[in-house]
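Per chain, numbering begins at 1; letters A, B, ... match sequence-line order. The structure presented is a predicted model; accordingly, all values stated were derived computationally and were not measured.
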2 protein chains.
Amino acid sequence: MGSLELWEQKLKDKGIRWTKQRRMIIRVLLASTRPLSAQDIFAKLQRDYPKLRLSTVYRNLNSFKDGKIVRSLNLTGNEQKFELIDGNHHHHLICIECDDIIPLDCPLKDFENKLKDDTGYTILDHRMKIYGLCPNCKNY
Amino acid sequence: MGSLELWEQKLKDKGIRWTKQRRMIIRVLLASTRPLSAQDIFAKLQRDYPKLRLSTVYRNLNSFKDGKIVRSLNLTGNEQKFELIDGNHHHHLICIECDDIIPLDCPLKDFENKLKDDTGYTILDHRMKIYGLCPNCKNY
DNA sequence: CTTAATGCAAACGGTTTGCAGCCCT
DNA sequence: AGGGCTGCAAACCGTTTGCATTAAG
């Protein structure tokens, strides 16, 4: 069973219908090594399917978010970027010149435990972004 | 020398003029224990100075950002929040129910050093946000 | 067949911009 | 006095919404 079918099942399990548009969006996210904006996804699909609307992309990404199928991130600028939730918790290292993005393992488990004790908060989630210059961009 | 004068000097040192509007904005930021949106700042000032425009607030916050006087954060929703840069590097713990915000010490120095070695990146900055439920909100 | 999802157009909210006049330095 | 800063209005851009139609289950 290919991984597209895996995601189809995940959606169906949550009662989210498996439409052509949703299949296309998942396919684009699967094919990408980095988080994508709604506009990125729309741009990639528009040529093959001109009737697709940006609002459909947004609506679906939001359904996916509600169903914990994707997660949204504010990496650069004001726009949200989306990535599939594959169970592998990680963060991002972003080159501020070329926008390259490297996924990073999470170093925060111990910190979160300590935080829970110190503050009395129930810790639910966190986001971390590291900004820098990649080896290419720093040499010029 | 009160701390408002301190910020006045910082701005003047960078060639940013010390106008009435800027003084008001800095004052509001100084008085707040948590990051504020442009709209928050605007709302607090509008009553005393009805001629103030939201665009002026934005323009100034952006000048301040360029001059490394303030930093902007995406803590909740789509809007940016701003805080003065007082040299004390920290992060935020945010209650997703009541929007309470607690500043946190940064646990990432060692991680950044390791990252530099592992990836070849020059590390410039980072952002971390922890989401949870504060002691009040979790009991209901 | 029923109801959720889509296409389409229009609105929305945060943020930016162009321009004439104002006021820091 | 000169050039940056402001008030004001309008544009901009990412995102959401209302509604009639289409398609998934």
Item to check | Residues from residues 17-33 of chain B lying under 4.0 Å of DNA chain D - heavy atoms | outcome: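 Hits under 4.0 Å, by residue number: R17(B), T19(B), Q21(B), R22(B).
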Checklist entry - Does any residue of residues 48-66 of chain B have a heavy atom under 4.0 Å from DNA chain D, and if so, which ones, in number order? => result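 Y49(B), K51(B), L52(B), R53(B), S55(B), T56(B), R59(B), N60(B) - these, ordered by number, are the residues of the stretch whose heavy atoms sit under 4.0 Å from the strand.
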Next on the checklist: If you take any heavy atom closer than 4.0 Å to DNA chain C, which residues from residues 67-74 of chain A end up in contact?
Outcome noted: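 Result for residues 67-74 of chain A: none.
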Checklist entry - Does a salt bridge link D118(A) with K114(A), judged by any charged N lying under 4.0 Å from a carboxylate O? => result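 Judged by the 4.0 Å cut-off on N to carboxylate O distance, D118(A) and K114(A) do form a salt bridge.
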Checklist entry - So where does chain B start and stop touching DNA chain D, 5' to 3', when the test is distance under 4.0 Å to a non-hydrogen atom? => result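 Taking any atom under 4.0 Å from a heavy atom of chain B, the span is dG2(D) to dA9(D).
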Item to check | Which residue lies more 5' along DNA chain C, comparing I16(B) with A38(B) via nearest heavy atoms | outcome: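 With I16(B) and A38(B) compared, the 5'-side residue is A38(B).
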Next on the checklist: So for atom CG, which belongs to D105(A), do other residues, nucleotides or ligands contribute more than 12 heavy atoms lying within a distance under 6.0 Å?
Outcome noted: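 It does not: D105(A) CG has 12 such atoms or fewer within range.
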Checklist entry - Take atom NZ in K138(A); do more than 12 heavy atoms of anything else shown fall under 6.0 Å from it? => result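 Yes, because the 6.0 Å sphere around NZ of K138(A) holds more than 12 heavy atoms from other groups.
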Item to check | Bend angle of the helix from dC1(C)-dG25(D) to dT25(C)-dA1(D), end axes from five pairs each (to 10°) | outcome: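 The angle, to the nearest 10 degrees, is 40°.
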Item to check | Counterpart residues, ring pair (Phe, Tyr, Trp, His ring centres under 6.0 Å), relative to H89(A) (two or more places apart) | outcome: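 H91(A), H126(A).
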Checklist entry - Got T56(A) and F42(A) here, is their nearest side-chain heavy-atom distance under 4.5 Å? => result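 In short, these two side chains do not touch, never coming nearer than 4.5 Å.
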Item to check | Atom pair NZ/CG of K20(B) and L52(B) - distance to nearest 0.5 Å | outcome: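 Those atoms lie 9.0 Å apart.
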Checklist entry - In a check of side chain to side chain donor-acceptor pair (under 3.5 Å) between H92(B) and each of R34(B), E83(B), K129(B), R127(B), which one passes? => result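 Only one of R34(B), E83(B), K129(B), R127(B) forms a side chain to side chain donor-acceptor pair (under 3.5 Å) with H92(B), namely E83(B).
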